[in-house]
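Letters A, B, ... mirror the listed sequences (proteins, then strands); counts begin at 1.
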2 protein chains.
Amino acid sequence: MNILAIDTSTSLASIAVAVDEQVVAESLVNTNRTLSARLVPEIERLLATAGLGISDIDIFASATGPGSFTGIRGGVATIQGLALALGKPCTGFSSLAMLAMNFSLATTLVCPMLDARKSEVYAALYDCSAAIPSPRINDCVLSPTAFLDQIVAMSRDKVIFAGDGALRYHDLIAERLGDQAIFAPFPSHNSHAANGITLAQHAFRHDELKEPSQLLPVYLRASDAEINKSNLPAVHSASPT
Amino acid sequence: MNILAIDTSTSLASIAVAVDEQVVAESLVNTNRTLSARLVPEIERLLATAGLGISDIDIFASATGPGSFTGIRGGVATIQGLALALGKPCTGFSSLAMLAMNFSLATTLVCPMLDARKSEVYAALYDCSAAIPSPRINDCVLSPTAFLDQIVAMSRDKVIFAGDGALRYHDLIAERLGDQAIFAPFPSHNSHAANGITLAQHAFRHDELKEPSQLLPVYLRASDAEINKSNLPAVHSASPT
């Protein structure tokens, strides 16, 4: 079974291709402002290095968020389009769960944390001791202080912090949690789409694959456009004059 | 500081580029029998995606083994050539240490194991609880049975097994170690050159960078060519007739 998985929830996009239980190609590429131009060619290139064509893929998988709105929208739309055109199933997974999987089998709890701008983070707390991480605090968007308070209220056990949010709020985390916080080595702050393939296989085994139309982004908060729209004065229909 | 790190010790080569403490591009590509044709173009492509040229690299780093003889020779030679031509320092690191770093911060010991053919494995046992792994059993080449016996004699604590050797000798490991053995999820069987960048930074901080001529492969055993040569009957100089 051949699986393509992508993650576009941060500016460092990741794409991976696996044949059965073997990763045959993986790529991390900085897509700052160039995702739409780079994603499909990068998928094609990666498949070619693996000696595969796009029609050889059996399951298309994407991180559905949380993370960059534009990134997630582009990634999910690309996977939907490929799956729809080829009549194949697809599946989505949490970008935070996938980031936490950089610490697969860790007996320490893992806090994946992405910078959500506006003084907030996308964060969660996962138990990664098994191959499939299980949430102790579900994916959410919150001020880093409020999120760290949740962790402290739950447990005083050590927690591994990873992700660009953990880098941005390093000092705050160290101040609030002291020795309880362990910071990931820098290569582990980036997500690897190969871990998304493990999540896609899990969805397949549990009969949870989706139709392309069912693959939806999980933004966790309203976009600026939606917020601005709801703040606008109501527009009355102009009566024809 | 810009670092290029590569690992060509298995057929899934990995290349990573970092700017300071940030990975800006990484690639895993299957190079079965095509390494010499693929490695340099792949390095060039990866640097281009990161907006860098080869002369922007400050440190060139490579896994020096153990692993595929041809792979290591090609990888080390490429890094030596680039560093020599550009007058930059280089550094080498253990392919097994880098593989173990897929479990950075793990409180469980990690056994990276690569298939060495001829019924042997390249293996080691690392404590990965800090960012830089420290060996409990040094990199060696041995029959898998003899290596597993060393582990059992040392400790009955759990051990995470990763690498293509762990896949090949899965049943033997399970039989000998039982519950003591934990098998890595499949994406963690592949090495990531980004972890080699952490090792290169460590070498830089400890003033251990090398001249290109000092970067040497670590094969751990004699090549077939050397073995065959030593088994040949002594060749006597033919006297001119």
### Query
Would you say B:L105 and A:P185 make side-chain contact, with heavy atoms under 4.5 Å?
yes
### Query
More than 12 non-hydrogen atoms from neighbouring residues, nucleotides or ligands closer than 6.0 Å to CZ on B:F69, yes or no?
yes
Is there any N or O donor on one of chain A and chain B with an acceptor on the other under 3.5 Å, and could you list each such pair with its distance?
from: A:E26; atom 1: N; to: B:L28; atom 2: O; distance (Å): 3.0
from: A:E26; atom 1: O; to: B:L28; atom 2: N; distance (Å): 2.7
from: A:E26; atom 1: OE1; to: B:H192; atom 2: NE2; distance (Å): 3.1
from: A:L28; atom 1: N; to: B:E26; atom 2: O; distance (Å): 2.7
from: A:L28; atom 1: O; to: B:E26; atom 2: N; distance (Å): 3.0
from: A:R38; atom 1: NH1; to: B:T49; atom 2: O; distance (Å): 3.4
from: A:T49; atom 1: O; to: B:R38; atom 2: NH1; distance (Å): 3.4
from: A:T107; atom 1: OG1; to: B:T107; atom 2: OG1; distance (Å): 2.8
from: A:H192; atom 1: NE2; to: B:E26; atom 2: OE1; distance (Å): 3.1

### Spacing of CG belonging to A:L46 relative to CG belonging to B:L28, to within rounding of 0.5 Å
9.5 Å
### Contacting region of A:A130 [heavy-atom separation from chain B under 4.5 Å]
neither
### Task
Quick one: list whatever passes side chain to side chain contact (heavy atoms under 4.5 Å, CB included) with A:A181, sequence neighbours left out.
A:F161, A:I173, A:L177, A:F183
### Query
Where does A:A106 contact chain B at under 4.5 Å (heavy atoms): side chain, backbone, both or neither?
neither
### Task
Would you name the heavy atoms of B:L12 and A:V24 that are closest together and state the gap between them?
CD1-O, 3.5 Å
